[in-house]
Amino acid sequence: MTRSSRTSDNDPLSYGPEYAYFCKKVTELSGIKLDNYKSQQMHRRLVNYMKRNQVPDFLTFARRIEKDQNELDKFLDYLTINVSEFFRNKEHWQVLKNEIIPELTQSAPIGKAINVWSAGASGGQEAYSLAMLFLEMNLNWVSVLGTDIDGKSLTKAREGRYSEDEVKGVPEDLLVKYFDYDGQWYCVNKKVKRLVRFEEHNLLGKKYPKDMDLILCRNVLIYFTDEGKRHVVSNLVSSLRPGGVLMIGATEALFDARNYGLSQIRPFFYKRCF
Ligand SMILES: C[S@@+](CC[C@H](N)C(=O)[O-])C[C@H]1O[C@@H](n2cnc3c(N)ncnc32)[C@H](O)[C@@H]1O
């Protein structure tokens, strides 16, 4: 079926009724609304997935994920694109360390732990990087929350076990201090783990945590439509305490930061104004 001119660009119906039915089925089974993700990108990814897995059409695909939990899990795993790295975009972590965190700790209420959230945490690399950074700055009174919609990513994050290739972004001295090596895997040690917890959370849902001093939401917004992005950014802002900071990814930008009550303080860093 060709794309219809009667529907908006991001309407699943513009890719035909079978695709729209498939999207509805995914929402029923997983709570994930595909129409909040960029349609063209999503449709192309799904067609590639179907080709690779010999699924002839969207109706068959919908039936498969409905009947077989393994098929559903495999598909969701593919869908959520969970690539991550420790200290991804090193130069931004330098800004975080030298400028943002010192400012934040000065403006934070005295006697209260610093609340940090890695939203779209994937396999936990970002949340653990944050915990290591705070430990290195002798700031032990910190609570790091890592959340993701993807169950498999959360299992990996909670385990905190990484291959040699996965820890390549960790500076040598931190690798020695904060990981136990068992001959094959690098396992995040207790000093770091005690600061971090992981929870399931859908950024496109309604419930958001509160009172965050710092939120990292990086390389997640790029997958959402403008409407999805608006929903996520306005909720992230209400999760921040006034004066709290939102950090986004290296390929992302908020052109309308003021409309959300944010002011840009450095490239990729935005402060909640009131
Ligand atoms: C590319 S990874 C980014 C990981 C990390 N933030 C980083 O920059 O290295 C994107 C993550 O967003 C998660 N994600 C996608 N849609 C989501 C949603 N609606 N709610 C929460 N997490 C979502 C994916 O499961 C994936 O782990």
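Whatever order the structure lists ligands and atoms in, that order sets their numbers, starting from 1. Counting from 1, the numbers follow the sequence of the chain as shown. What you see is a predicted model, and the numbers here were worked out from it, not measured in a lab.
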Run the numbers for me: atoms of ligand 1, each under 4.0 Å from some heavy atom of [X], listed by number.
| X | answer |
| --- | --- |
| N82 | 26 (C), 27 (O) |
| N219 | 1 (C), 2 (S), 3 (C), 7 (C), 8 (O), 10 (C) |
| D150 | 25 (O) |
| H201 | 20 (N), 21 (C) |
| E126 | 5 (C), 6 (N), 7 (C), 8 (O) |
| S84 | 4 (C), 5 (C), 7 (C), 9 (O) |
| R88 | 7 (C), 8 (O), 9 (O) |

Give the residue, atom name and distance (to 0.1 Å) of the protein heavy atom nearest [atom].
| atom | result |
| --- | --- |
| atom 24 (C) of ligand 1 | T80 O, 2.9 Å |
| atom 19 (N) of ligand 1 | N202 OD1, 2.9 Å |
| atom 4 (C) of ligand 1 | G120 O, 3.3 Å |
| atom 20 (N) of ligand 1 | L203 N, 2.9 Å |
| atom 23 (C) of ligand 1 | I149 CG2, 3.5 Å |

Counting only heavy atoms not in E91 (residues, nucleotides, ligands), do more than 12 fall under 6.0 Å from its CD? yes
Is it the side chain (CB and beyond), the backbone, both or neither of R218 that lies under 4.0 Å from ligand 1, heavy atoms counted? both
Checking contacts here: is it the side chain or the backbone of Y37 that comes within 4.0 Å of ligand 1, counting heavy atoms only? Could be both or neither. side chain
Parallel under 30°, tilted from 30 to 60°, perpendicular over 60°: which one fits the rings of F61 and Y49? parallel
Of K177, K97, K191, which meets salt bridge (Lys or Arg N to Asp or Glu O under 4.0 Å) against E136? K177
Lys NZ or Arg CZ of R45 over Y78 ring: under 6.0 Å, within 45°: yes
Mind checking whether Y128 and F87 have ring centres under 6.0 Å apart? no
Atom 13 (C) of ligand 1: which of L204, L154, D148 has the nearest heavy atom? D148
